[in-house]
Amino acid sequence: MTSTAATTEATARWSEELRTHGRRVTKQRLAVLTAVEHHPHAVVDDVAAAVRGDLPDISLQSVYVVLADLTETGLLRKIEPPHSPARYETRVDDNHHHAICTGCGRIEDVDCAVGHAPCLTPENTHGMTIQIADVLYRGLCADCADQAS
Ligand SMILES: [Zn+2]
Ligand SMILES: [Zn+2]
Ligand SMILES: [Zn+2]
């Protein structure tokens with residue numbers, strides 16, 4: 001597949017998703033969705049840099065607004081690791097978790113062993129209906145472990 005065909009395919013797919021979620025198809029939304037799809041777990045600055053390949057004049061503020069809107073509609077998932085800027089991804093349809101390296105901040109997907117949320121059942125819910133258990137694995141990636149030894 002040529003890259004042009006891949007781009008056309010992605011544009012058609014994301015246009016359909018936007019309509020399904022009751023959102024107008026705009027250049028900005030398509031560019032942000034495509035950028036996040038190609039750079040999973042990207043921070044806002046990385047998304048903006050990628051989007052500017054298509055839309056050189058888009059402001060950082062506009063990228064923030066589009067990201068927030070797409071997160072709200074459920075097309076993007078926002079990950080907020082502690083002490084680290086928010087990241088975005090298009091993999092929204094499963095209950096996967098993340099492993100973050102405390103050395104370099106690299107972040108990887110970890111499939112949920114259970115597959116649905118919440119995947120941990122609390123002993124006592126205090127009367128709350130529990131919807132999700134946020135699981136974040138933290139450790140050292142192989143590169144950082146090598147450097148440390
Ligand atoms: Zn690392
Ligand atoms: Zn992920
Ligand atoms: Zn899980």
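Side chains included, hydrogens not; waters and symmetry mates left out as well; all remaining heavy atoms used. As the structure is a prediction and not an experimental result, all values here were calculated from the model. First listed ligand is number 1; within each ligand, the first listed atom is number 1.
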- request: If you have a sec, read the angle at the Zn ion (ligand 1) from Cys141 atom SG over to Cys104 atom SG, to 10 degrees.
  value: 110°
- prompt: Is it true that atom CZ of Arg13 has more than 12 heavy atoms of other residues, nucleotides or ligands lying nearer than 6.0 Å?
  reply: yes
OD1 (Asp109) to the Zn ion (ligand 2) to NE2 (His96) angle, given to the nearest 10 degrees: 90°
task: To the nearest 10 degrees, could you say what angle the Zn ion (ligand 1) makes with SG of Cys101 and SG of Cys144?
output: 100°
query: Between His98 and His96, does any side-chain donor sit less than 3.5 Å from a side-chain acceptor?
result: yes
- line: Vertex the Zn ion (ligand 3), ends His97/NE2 and Cys112/SG: angle to nearest 10° comes to 110°
task: Check whether the side chains of Glu108 and His97 place a donor and an acceptor atom closer than 3.5 Å, and report yes or no.
output: no
- prompt: Within Glu89, is some N, O or S atom less than 2.8 Å away from the Zn ion (ligand 2)?
  reply: yes
task: Return yes when at least one N/O/S atom of His98 is nearer than 2.8 Å to the Zn ion (ligand 2), and no when none is.
output: yes
query: Is any side-chain heavy atom of Leu136 less than 4.5 Å from a side-chain heavy atom of Pro82?
result: yes
- prompt: Do we see a donor-acceptor contact under 3.5 Å between the side chains of Thr11 and Thr8?
  reply: no
